[in-house]
Every structure is written in structure tokens, then in C-alpha cells.
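Computed from a prediction, not measured in an experiment: that's the story for all the values here.
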Amino acid sequence: LAIYFQLIMGIAFAQKPGGTTLEVELWLKSDEIMSANNASVTSWQDKSGKGRDHTRYSNHGVPTLDKVNMMNFHPSLHFENGAANTKLVYPNHFVNGGRSYYTFYVSRLNSADNSYGVVYTFNEGRQNENGWRYGNPWMRTDDHLVATNTPPLMGGMVSTFRTNTTTSVDQLFFNGGWLASMSNARAMNAGSGSSVIGNENLATTYPFYGHIQEIIVLSTSAGLPLNTTEIEKVHTYLSLKYGVGLNDTNRLKNSSGQNIWDATGINLNYRSNLFGIGKDSGSGLDQKQSVNYNNKFATVFLGSLAALNKENTSNLNDNTFLIFGSNGLKGTAPYNYLPGTSFRNGSISTEVNKITKTILKATTYGQSSFTVNIRPERTASYVLVSQNATFAPSSTRIYPLDNNKVANDVVVNHNDYIAYAYYQTAPGGINDGLRVWLNAAEENVDVSGDNVDVWRDLTSHGNDYSVAA
């Protein structure tokens, strides 16, 4: 029994987020909390091996575990609006003048407002914190800010690099892409203070209202430049785990530092809204069901779709990945085929006349083919899979949806394209004289924030309505 326990503990501590070679100072994962939905979370266990668990402070409020409003089938810690004293605290800090720090957090705001909301502070009262401001990512080092005033982003993966020197500036990233830099170099204030989640200090200053999925803090010797390989490995881990597409990212890396996806060749036009399934024991990733958080076009899963990813009992081979990137288009195009039309793996039983302009391209790593189930999150009768983006029947496999709106046992090979086909009816079945048909389903509109830029006409006449019209 003792040998078995040592083996399990060895495996646990061998895992590092993204398989990073940097020092792991803190690793908090909401999917590791074993509590019921809406239960109070009085302790968040640190997985770094350093024992920096964050727990209830005095009689202050604590967040709850949310297993309903999830990111990619993972629960979160929810900090309720108005509960300004909600926080979890580690009574010490680890800020060291000889170290630079990388901080990563995946979180979402309940709503955008004009105030600051601190997700994590290194040492309370010393203004070394990370969070959200005006609905956008924000960081502060010794009371010097790095922020942006873009339209509210509201949620995703934020990462920061604090050089902790007076010679190099701090940097802020969102979903893997560079967002802003500090105007001047600033070392961290290493004064005493507790580490706090959900507040700037032990009182009620800058409370965070929203959801936190995961927090990671890494360190390296101060003065070293930004380590792009290590940050890409952690970004890959968090992106695939939470279905967060990466901005301005040219590659994804496994825990060994090998490229598992890159934006070269035909992938260059299919780099939007990345998501996928995969297993990487070196980073603790075991994602068996997945959908992109920002653009829910397809849910891809092994076996039976579970409420939580960790409840899916299917198995993936280690160091294998199936990754999807989108062309980023919306709307539909004509695709006219009658019942009985033959495709590569059979014939269709119902007529189709539309195909989605949204096309996914699959990249596999570790094995050339996967058999998965796909639940379209758009109107669909069939899932189309082809090595050619024209989806000609002779080169296309076609998979009908069952009563649960799922295409089962879909074979996806490296470089396959995926789209949906269906029959577009007319309103009330009336086609004669139909010139414009506007339907506000998600696939028919382009939005920027809360504003609709384009509302697409469903008829063949293309009478789209837009801001520029």
C-alpha cells in the first residue's frame, strides 16, 4: 500500500501545467474540487506540491462550486455579485526579488462595470495583482497598471509576465495574444501580506464577481527574457482544456515542446475558434469532450457525453490530439442533393439544399484517425466529412443525426474538413414571391459585443442587412 501511494503521489507531482520546465509556485484547479454543485468552497488545494492551499479567511464569505455554468465541461468557483467580502486566502506570500513571475488565470465576469475586480493578488496591500477592469484583463505591479480599454472581453484566458526588475517591462496577454505592456519597468513590492483570491486585500477592496476556472503561477530567475516555448505549452494546456481559441498564435505544443498544431499551409485559413480533445499526462490534460467557448459550432466527444469532462469514462491514448480550427465564416451556401444520392459511405434518405459556410479543419497528432461523436450546435441533418472542402458526394462521408441530434461514430482523419447539410424550408412552406427571410438564430448574425453588424437573408437573393448598408 505504501509503495502504491508513493507511485500515485509521484505521478501527481510529476505533472506540471503544460509540462512546463519552469518552477510551479501555485496551481489551483476547480475541476479537482470534490464538492456538490453550489456547495461552499472553504479550501482550494494547491497542486504545485508546495502546499499553498487557499482557505476561508476569518468569518468572511467563500465562493461556491458551479457545475452548471461551465467552460468546456469543467466547473468553476463562483463569486456572487454583491458579496464583496468573498475570498480565499493563503496566509503568506512567495514574492522573491530574485524571481520573475508568470501568472495564468481562466475566468469570466458576471457583468462588465467600471470597477476593478481582483482574481489573484500575490501579497495583499502591495498592489501586485491580476484581474479585470471595465470588463477587460488588467494587472498591477507595485501600483503601476497594465490595462486596455477595448470593448469588454468578459472572459477567457489571461496571462501576465512580471519581470520583477527595473530594466524590463511587464506584459499582459489575452487568449495567447499580446494585449499590452507596462509603460515603464517596475519591480514587485515584496512586503509582507497574504495571497488572496477574489479581493485586493483582506477587506473588501476591488472584489471580483464572476467565475474562476484555474490559476497558475510560475517563476524563473529574474532578468531572463520571456520564455515563449514555456508560455506556449501552458497556453496550449489551458486552451484545449477550456475550449478557448487562441489569438495571434501560430502553434500549439505538447508537454514535450513538440508542435501538435501550427498555422502553416492550409491551417492558415482555419485558425479561428480552436478546440479539441486530447491527452497529455505530462501536463495533466485529459479532455474527452470539447466545444469552443466563444463559438459553439460543434461538440465533439468520445463515448457518451457527460455533464462533466471528468465523468466521461472513455479513454484516449496518451500524447494524442484531435484539434479543430474554423474558417471563421458564417451563413450557408446552396448544396442541392435529392434522397438516394450516394456518398462515400452510403446514401442520404432526405433531401438537402444548404451547407454551412462554417467549415472545421481537423489536425491529428499521435494517431492519424479518430472515431468520435459530433453534436452540431447549429441547424443540421447531416455531418459531412471530406478531404476536400467542396464536399462533393464522391469524396464525402455523410453521417445522419440521431434522435438526440448527434452524429455517431464519425471517422475523422488528419486534414479532414467538416460541415453540416440540411434542408432549408420556407416560412410557412411558402416559396413563391419570397424575397427576404430574416431569422435571428446565432448562425445568421454577425455580432461585435452586444451589437449586430450583419443579419443575413436566408433566401437565395442575399438581401443581407448590415450596419454599412
Side-chain angles (χ1 to χ4, degrees), residues 28 30 40-41 44 54 56-64 66 69 71 76-90 93 101 103-160 162 170-175 179-183 186 188-189 191 193-215 217 244 293-294 448-451:
L28 303 171
S30 60
S40 296
V41 177
W44 200 358
H54 284 63
R56 180 196 289 270
Y57 173 71
S58 184
N59 63 347
H60 286 216
V62 295
T64 56
D66 190 338
N69 302 296
M71 290 182 71
S76 64
L77 267 64
H78 183 219
F79 292 73
E80 186 177 356
N81 282 11
N85 71 341
T86 300
K87 60 179 66 69
L88 293 172
V89 175
Y90 173 66
H93 76 84
Y101 294 94
T103 307
F104 306 81
Y105 55 99
V106 179
S107 72
R108 298 165 286 150
L109 291 167
N110 290 336
S111 61
D113 57 35
N114 295 337
S115 63
Y116 296 83
V118 173
V119 171
Y120 173 75
T121 183
F122 280 84
N123 45 346
E124 49 93 11
R126 307 300 177 179
Q127 290 80 49
N128 300 315
E129 56 235 5
N130 316 266
W132 298 87
R133 170 182 175 269
Y134 298 100
N136 286 304
W138 158 77
M139 66 179 289
R140 184 162 63 166
T141 300
D142 193 23
D143 207 21
H144 283 242
L145 274 66
V146 181
T148 177
N149 292 320
T150 60
L153 297 168
M154 298 304 295
M157 175 178 62
V158 183
S159 46
T160 69
R162 285 181 171 83
D170 296 353
Q171 299 183 53
L172 178 67
F173 302 83
F174 179 72
N175 286 355
L179 197 61
S181 295
M182 189 170 286
S183 58
R186 193 76 177 178
M188 299 173 71
N189 185 331
S194 300
S195 296
V196 182
I197 296 169
N199 246 293
E200 195 275 338
N201 54 29
L202 298 178
T204 58
T205 307
Y206 302 154
F208 169 75
Y209 300 137
H211 298 257
I212 302 176
Q213 311 286 148
E214 190 157 340
I215 299 174
V217 181
V244 177
Y293 171 66
N294 293 307
S448 297
D450 294 329
N451 300 316

Just checking F208 against Y120, ring centres under 6.0 Å apart?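 Ring-ring flag for F208/Y120: false, centres at least 6.0 Å apart.
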Do we see a donor-acceptor contact under 3.5 Å between the side chains of R162 and T141?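 Side-chain D/A pair, R162 to T141: present.
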Counterpart residues, side-chain contact (heavy atoms from CB on, under 4.5 Å), relative to A84 (two or more places apart):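 Scan of A84 (side-chain contact (heavy atoms from CB on, under 4.5 Å), adjacent residues dropped) gives T204, P207, Y209.
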Could you work out, with side-chain contact (heavy atoms from CB on, under 4.5 Å) as the rule, every residue matching S183, not counting sequence neighbours?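 None.
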Listed by chain and number, what are the ring-ring contact (aromatic ring centres under 6.0 Å, His included) partners of [X], not counting sequence neighbours?
X: H93; answer: none
X: Y206; answer: Y116
X: F174; answer: none

Close side-chain approach of L88 to V62, heavy-atom, < 4.5 Å: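 SC-SC contact between L88 and V62 confirmed.
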Spatial distance of atom CG (N123) from atom CG (N189) [nearest 0.5 Å]: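 It is 6.5 Å, given to the nearest 0.5 Å.
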Please list, chain by chain and in numerical order, all residues satisfying salt bridge (charged side-chain N to carboxylate O under 4.0 Å, His left out) with E124, sequence neighbours excluded.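 E124 satisfies salt bridge (charged side-chain N to carboxylate O under 4.0 Å, His left out) with no residue once adjacent residues are dropped.
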May I ask you to decide if A203's main-chain N or O and K87's side chain share a donor-acceptor pair within less than 3.5 Å?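 A pair under 3.5 Å: yes.
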Could you go through V244 and M71, starting from their C-alpha distance and side-chain angles, then the distance that decides it, and tell me whether this counts as side chain to side chain contact (heavy atoms under 4.5 Å, CB included)? CA-CA 9 Å; V244 177; M71 290 182 71; 3.6 Å; yes
